Amino acid sequence: MPEISELQAIASQVRRDIIRMVHGAQSGHPGGSLGCADLMTALYFEIMDHDAKTFDPDAINRDLFILSNGHISPALYSSLARNEYFPVSELATFRKIHSRLQGHPATKEKLPGIRIATGSLGQGLSVSIGIAQAKKLNKDEKIVFCLMGDGELEEGQVWEAAMYAGANNVDNLVALVDYNKKQIDGSIDDVLPLGDLRKKFEAFGWSVTEMNGNDMHEVVSHLKQVKSQTHKGQAQIILMHTEMGMGVDFMMGTHHWHGVPPNDEQAEAALAQLEETLGDY
Amino acid sequence: MKFEIIDYKDTRSGFGEGLLELGAENPKVVALIADLTGSLKMDAFAKKYPDRFFQVGIAEANMMGMAAGLTIGGYIPFTGTFANFSTARVYDQIRQSIAYSRKNVKICASHAGITLGEDGATHQTLEDIGLMKLLPRMTVINPCDFNQTKQATKAIAKHKGPVYLRFGRPKVPNFCPPDCEFTIGKAIQMTEGKDVTIFATGHLVYPALEAARILEKEGIQAEVINIHTIKPLDADAVINSVKKTSCVVTAEEHSIYGGLGDSIAQLLSRELPTPIEYIAVNDVFGQSGKPDKLMKHYGLDAPHIAEAAKKAIQRKA
């Protein structure tokens, strides 16, 4: 079991990978990817019971993760590669022609670690509920984690899914919201305010908790606590407070870096702030 | 002529019976419904296999996503709702979560076309075949009667990959043998003829056979071919017949755009340019009414098919 400091070191490398991938492609979404690097690291290096070496598309007896907000794929690809789902050298192909690392996650050429395409927003929670129901039918005790963006909650399908999971006590599912309060066009409150998310999900029958998604101690302890509450009759959702662009000072506090790649100078400045801990690809 | 009417039954009941049998034969088959259990004839499956039946409420987008998710874990989900809500309403969900993701989901769509009847154009999809045909990896099937729909339902469970299965609401002639073989992608020659080929699908297959009878009285031999699988199209069956007859009528309960007619025309324009007449709804929305009156009004019946056949024959070089 890695120490928190080790997880923090891994998260630093994930952030480096994110910057280098988006810079290399001159395309992609660094802001949300950086904000969720701590969560992805915690899930893939500590919390989830998974096995990269024998990737099973059906995820039998494995925890699994669905990235509904598929645009933050760099964070996922890095976490998968650093777990040896596929070679880290492949990260260099991100968003380039003939790559398995599509702009948004796809099952293209059966890329290990990806079980469904995501990116057109609002669909991942429904998929995750289906997986959770399959696990129940299979008497498989493992858990489904599903991350959504906060802006993504503006999609109606999310609330269809929320209603279903609440009403049917889908208790082997942990949903997370990347609650950075920003979307492409600006702050959530300027575009379409989400209101009281806690009360909304509680009204739909969910157990709602909150955590600081950029504090590794809190992320690990909170996820462990939530995992211990699965199979207890209620769907769970974590409102995960994050900072878009976390780890790179000039990318924080703005929605500008949602979907803009850094130029050479900016990439260099960003990487100077992120320690290389596992070796760059 | 063969294919006498056995009885009159709705094709959706063929689906319901097929699904019930699948429940016993394959423990991986699960079913989802968006508040239309009775309309889709899924009651018997729901009662016998409650653990494998998911009532999702009036939330079709969530249903398609859940179906995609259930395949992760090895299940074969059959979704049920009306054809309009199985396609247009959830197109992006099917596109991303099912077709692009290669998920083994069977999208089972009832009340397709204008024979939905009195509910009117809001519920009468005439675009669904086209929408589904456009998606890479999607198989599109439109069986012609109760017996064939039942066999098609059972066949798609054995096929790995996304399938759109389209059927209808009203009681129509049931004329295929109860044990008729159903092979996805393999057209069925219903009559043999040398003067014109009528390619028909779904509810238009029986009227095509009736048209062949009308034409026979006038000394015209029509070859009727049942294209139950629109995608992938049985190109060999189409070309071999047209080599013999040199002219074509296509017949479908669908828009003239995007359906069977387009598929046949695209194939023949490349391989064997041929005069084609189209029996289809000519770029308009439907309306309320009795199914048989609507079919007559939009020209989707035997007399119109026979007329189209004569026109096609006249256009031969």
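Computation of the quantities below employed the complete heavy-atom set of this structure, encompassing side-chain atoms and omitting hydrogens, waters and symmetry-equivalent molecules. Worth saying up front: this structure is predicted, and the values here are computed from it rather than measured.
At least one donor-acceptor pair closer than 3.5 Å links the side chain of N138(A) to the backbone N or O of G73(B). Panel note: side chain S126(A), backbone M66(B); no donor-acceptor pair is recorded below 3.5 Å.
Heavy-atom neighbours of K186(B) NZ from other residues, nucleotides or ligands within 6.0 Å: at or below the threshold of 12. In I58(B), the CD1 atom is not crowded: 12 or fewer heavy atoms of neighbouring residues, nucleotides or ligands sit closer than 6.0 Å. Around atom CZ of R52(B), more than 12 heavy atoms belonging to other residues, nucleotides or ligands sit under 6.0 Å away. The environment of Q287(B) atom CD is dense: over 12 non-hydrogen atoms of other residues, nucleotides or ligands sit within 6.0 angstrom. Sparse packing is recorded around OH of Y257(B), with 12 or fewer heavy atoms of other residues, nucleotides or ligands lying under 6.0 Å away. With a 6.0 Å radius and a threshold of 12 heavy atoms from other residues, nucleotides or ligands, E84(A) has its CD atom at or below the threshold. By the 6.0 Å contact criterion, CZ on R89(B) is open, its count of non-hydrogen atoms from other residues, nucleotides or ligands being 12 or less.
Between atom CZ of residue R115(A) and atom NZ of residue K103(B) there is a gap of 9.0 Å, rounded to the nearest 0.5 Å. Residue L70(B) holds its CG atom at 12.0 Å from NZ of K135(A), rounded to the nearest 0.5 Å. To the nearest 0.5 Å, atom CD1 of residue I116(A) and atom CD1 of residue I98(B) are 8.0 Å apart. With values rounded to the nearest 0.5 angstrom, S97(B) atom OG is found 6.5 Å from Q157(A) atom CD.
Closest heavy-atom contact between E60(B) and E160(A): N-OE1, 3.9 Å. D58(A) and T71(B) get closest at one heavy-atom pair: OD1-O, 3.5 Å.
Contact annotation for S120(A): both backbone and side-chain heavy atoms come within less than 4.5 Å of a heavy atom of chain B. Using a 4.5 Å cut-off between heavy atoms, L125(A) does not touch chain B at all. With a 4.5 angstrom heavy-atom cutoff, Y100(B) touches chain A via backbone and side-chain atoms both. In this structure, chain B has no heavy atom under 4.5 Å from any part of E155(A).
Residue with the most contacts toward chain A among G65(B), A67(B), G74(B): G65(B) (heavy-atom pairs, distance under 4.5 Å). Listed options P57(A), A106(A), A134(A), A167(A) were ranked by heavy-atom pairs under 4.5 angstrom with chain B; first place goes to A134(A). Contacts with chain B were tallied for V158(A), N168(A), T107(A); T107(A) has the most, counting heavy-atom pairs under 4.5 Å. Between chain B and the options T118(A), D56(A), I131(A), I129(A), the largest number of non-hydrogen pairs under 4.5 Å is found for I131(A).
Residues D51(B) and K136(A) fail the side-chain proximity criterion, which asks for heavy atoms closer than 4.5 Å.
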Q: Apply side chain to side chain contact (heavy atoms under 4.5 Å, CB included) to Q133(A) and V30(B), showing your working.
A: CA-CA 11 Å; Q133(A) 297 290 29; V30(B) 297; over 6 Å; no

